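Not measured: the values here are computed from a predicted model.
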Amino acid sequence: MSAQEVVFGALLREMRLEKSLTIEALADASGVSVRGIGDLERGRRAAPQRRTVAALADGLGLDDTERERLLAAARAGRTAGYSPVGVRSFPRGVDDFVGRADELAELEKLAGPPADDDTEPDTTAANAQPVVVAVHGAPGTGKTTFALRAARRLADRFPDGQLMVDLRGTDRTPPAASELMVRVLKAFGVPDRDLAKSGPQSHPALYRQVLADRRCLLVLDDARDEAQVRPLLPGSGRALVLVTSRRMLTGLDDVHRLPLGRLDAAESAAFLASLVGEDRATAEPDALHEVARLCEYLPLALRVAGNWLATRTGWSVRRLADRLAREERRLDALSAGDVRVASAFDLSYRQLTPAAARMFRRLSLIPGPDTGAACAAHLTGQDLHDAEDTLEELVEAGLLGATGDRYRLHDLLCLYGRTRLAAEDDAEDVERSRRSMFRWLLQTAVVAGRWYEPDHGAPPPTWQGTVDLSSADKAREWLQAEAPNWLAALHAAAADGDHATVVEVAESLHWFSDQWIFWGHWPEIFETAVRSAEALGDPLLEATQLNYYAWAVLLCEGRPRDSLEYSARALAAARLAGDRVQQAWAHQYAGWAHHLLGESGPAFEHNTHATALFDAAGDLPGLLQALLGRAQDLEGDRRGEEAAEAYQQALARLDEAGDRVERHIAAVTRVNALAGLGRAYVRLGRWDEAVRHLRISVELCHADGNVALESRYLRSLGDALLGAGREAEAREAFTRCIALGPGADPRRVAEARSRLARLDTR
């Protein structure tokens, strides 16, 4: 307590008594609260702002001389200042701060304007509400450092003090709220005798009273849970309270939430450069970025890596990058002195319930970047609802990320989970869990994929699944979301010699692949299935998978010449098996490849064979594709009128077939036929008809969610619009093509980008 504050408080009391006023009477006359006046007289709060002093002077009825005397005492108190625990006494660690610009801006907005004598109405303090911000994030995301940085930037807005309290929430026995209250009260100048006089039962009320009339910043760092924090939140006043915690503290009401994630790549590189020095950073920029990536842009890991390099000047950045690249040793490498990334994870892990700890360990078996609750349930043997509850506990603890219904264990936490798995779980039990998960993934992939296969559709009534596959759209969502996981399961099945399962999965996904052409993994799936079919010694299976592989090489990889080897092998195997349908598909893919290579003679020959074989076998979906292939050959041979007629015949045949063709096969066939008809009209210079058919094709693709075909035909639509002289609409089509993102045909996107560039240049 400063001498100036004692002078002001004593003077105020003296003047009040001279006027024969009680505190309550002065409060009524001035509008300043009874509690506020009492704190001022006892010196418990900082000297008030000018408007409060003016209100008190008016309430006391002071003349000009007395008013100036009271104002002078207040100014003396403010000049001395009152910051029992100022920002400068906070722990170190904010000078090399990088990033978090958006989060800091959000805090500045919440904190309100800086305190100002002429604008800060102390008389309204009793009606003000404190601002509470919960800053949460995974271990190592720099929550404390962020709070320190924010406290420094906001210090001038809180002239009554800035106080940081370590709640030690990760300790085995963190301090109780009552102990922390006393610590805060002492920091704000409440004498020990007053604390003893009031007794522990009155400390909460005294705590709220002291904070209510102070414009202060209170940082409650490393909160364990809501129960520890809730008693420490002031009920009124103009304080800003920052609560940092690894947990999300979802049980707290009326708080602003500020999640902290990892830094981005550029911020991470800048942070490392600030630690190792610009000379070393600029000498090895690629290695520096690799270190940042291997640290997963986690601030704690970046600091450890940076400190390691800073203290080992003989090391190159590349040497550390290579050391971190060894996945099994990465966590060990991320330690500097007594600071270890793994130790930060330990603190959160040991607070988990046994079920959550087991789930955390088992999630390290997930091969892909994320998973759904159903897959996680198969790892732990829980039912779906229990698994969801357990996953949410991990999210709340900051050990698991969540986006929608997907859960992600970030790389460093995944490595940590594997160390705990090896240390705590029986190896045979772990392997059973892994195999159970893989088996479930593949079984579900088969059921989901068959939505798109002829003569299958919805799951059979006997299927008891834990994911919603009630529609083809939901099946596609699941297949795409879990793709990295079921793909890993497929490779594991092949490695284990479970060739029948590999072939079954590939077969079930054959027509689905048309919905997601440029995913990037169909060639490896069908090549794996070819090897499994060969191992099974079944020529029909071999022919089928070779045809699928020929399609993938032809379309997905854009290598028509190379695909001819596989369609030829498929034809030989199909003849050996005596199967006309697979012979037809082999001719179909060979004809397509020759068409793309500009070899019209072989293309016509193969398509003629394909048409006859599909027709003889009664395979309507295949026949429709052969008809499209024949029309495409005519188009490529610059026989526009005949090509247009052939595409119209294919459309008529499709309409005639009705529901005899599976809905998704019919949809793909229709958009291809309409687009082909549009291209034929382009060759004939019939621009309006070309645009109309291509636009319908594009919109059908969009409605069906087929990004691959949408990208191909948006580029064709743009070309037709240019030919029609409708440049603005062409620009729109090319721009839509470029904006489609993952799943689009990369060649068509590049072509659209090139055409836009030419238009801009022109």
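Looking only at atom types and distance, the side chain of R559 has no donor-acceptor partner in the side chain of S563 under 3.5 Å away. Looking only at atom types and distance, the side chain of S470 has a donor-acceptor partner in the side chain of D468 under 3.5 Å away. No side-chain donor-acceptor contact under 3.5 Å links H595 and E635. One side chain, Y407 or E392, offers a donor N or O that lies under 3.5 Å from an acceptor on the other.
Closest non-hydrogen pair, A584 versus A610, comes out as O-CB, 3.5 Å. Between W451 and L469, the closest heavy-atom pair is NE1-O, 2.9 Å. Counting all heavy atoms, side chain and backbone alike, H499 lies closest to S532 at ND1-OG, 3.0 Å. Taking all atoms of both residues into account, the shortest heavy-atom contact from P367 to F438 is CG-CE2, 4.0 Å.
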Could you go through the salt bridge (charged side-chain N to carboxylate O under 4.0 Å, His left out) check for D688 and R692 one step at a time? CA-CA 6 Å; D688 289 343; R692 180 166 62 86; over 6 Å; no

Where do S436 and R432 land on the side chain to side chain donor-acceptor pair (under 3.5 Å) test, with the steps shown first? CA-CA 6 Å; S436 172; R432 280 193 296 272; over 6 Å; no

For the pair H456 and E662, evaluate side chain to side chain donor-acceptor pair (under 3.5 Å) and give the outcome as yes or no after the intermediate values. CA-CA 9 Å; H456 282 92; E662 196 277 334; over 6 Å; no

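By the 30° and 60° cut-offs, the orientation of the rings of W478 relative to W440 is perpendicular. Using bins of under 30°, 30° to 60° and over 60° for the plane-to-plane angle, the ring pair H664/Y452 lands in the tilted bin. Between W522 and F512, the angle of the ring planes goes over 60°, which puts this pair in the perpendicular group of the 30/60° scheme. Ring planes of W519 and W516: parallel class, angle under 30° (limits at 30 and 60°).
Atom CZ of R653 is surrounded by 12 or fewer heavy atoms from other residues, nucleotides or ligands within 6.0 Å. The environment of D655 atom CG is dense: over 12 non-hydrogen atoms of other residues, nucleotides or ligands sit within 6.0 angstrom. Around NE2 of H702, the count of heavy atoms belonging to other residues, nucleotides or ligands within 6.0 Å does not exceed 12. Atom CZ of R630 is surrounded by 12 or fewer heavy atoms from other residues, nucleotides or ligands within 6.0 Å. The local environment of CD in E428 is sparse, with at most 12 non-hydrogen atoms from other residues, nucleotides or ligands closer than 6.0 Å. By the neighbour-count criterion of 12 heavy atoms within 6.0 Å, atom CD of E732 is sparsely surrounded, having that number or fewer from other residues, nucleotides or ligands.
In this structure the side chain of T544 never reaches within 4.5 angstrom of the side chain of D579, judged on heavy atoms. Contact check for D719 versus F734: side-chain heavy atoms found under the 4.5 Å cut-off. Side-chain atoms of W687 and V682, non-hydrogen and from C-beta on, do get closer than 4.5 Å to each other. Contact of the Q632 side chain with the L596 side chain is not registered, since no non-hydrogen atoms from C-beta on lie closer than 4.5 Å. Using a 4.5 Å heavy-atom cutoff, the side chains of T611 and L623 are in contact. Residues V467 and T444 meet the side-chain proximity criterion, which asks for heavy atoms closer than 4.5 Å. At a threshold of 4.5 Å between non-hydrogen side-chain atoms, the residues F518 and V749 do not count as touching. Residues Y713 and L717 form no side-chain contact, since every pair of their non-hydrogen atoms from C-beta on lies 4.5 Å or further apart.
D619 places no side-chain N or O within 3.5 Å of a backbone atom of F614 that could act as its donor or acceptor partner. Here the side chain of E689 pairs no donor or acceptor atom with the backbone of Y681 at under 3.5 angstrom. Although no hydrogens or angles enter the test, the distance criterion places a donor-acceptor pair under 3.5 Å between the side chain of E482 and the main chain of G372. In terms of modelled atom types and a separation under 3.5 Å, the side chain of N672 and the main chain of V668 share a donor-acceptor contact.
One distance of note links OH of Y566 with CD of E527; it measures 6.5 Å at 0.5 Å rounding. Atom CG in L714 sits 11.0 Å away from atom CG in L709 (nearest 0.5 Å). Remark: Y589 OH to N547 CG distance equals 6.5 Å, nearest 0.5 Å. To the nearest 0.5 Å, atoms CD (Q648) and CG (L627) are separated by 13.5 Å.
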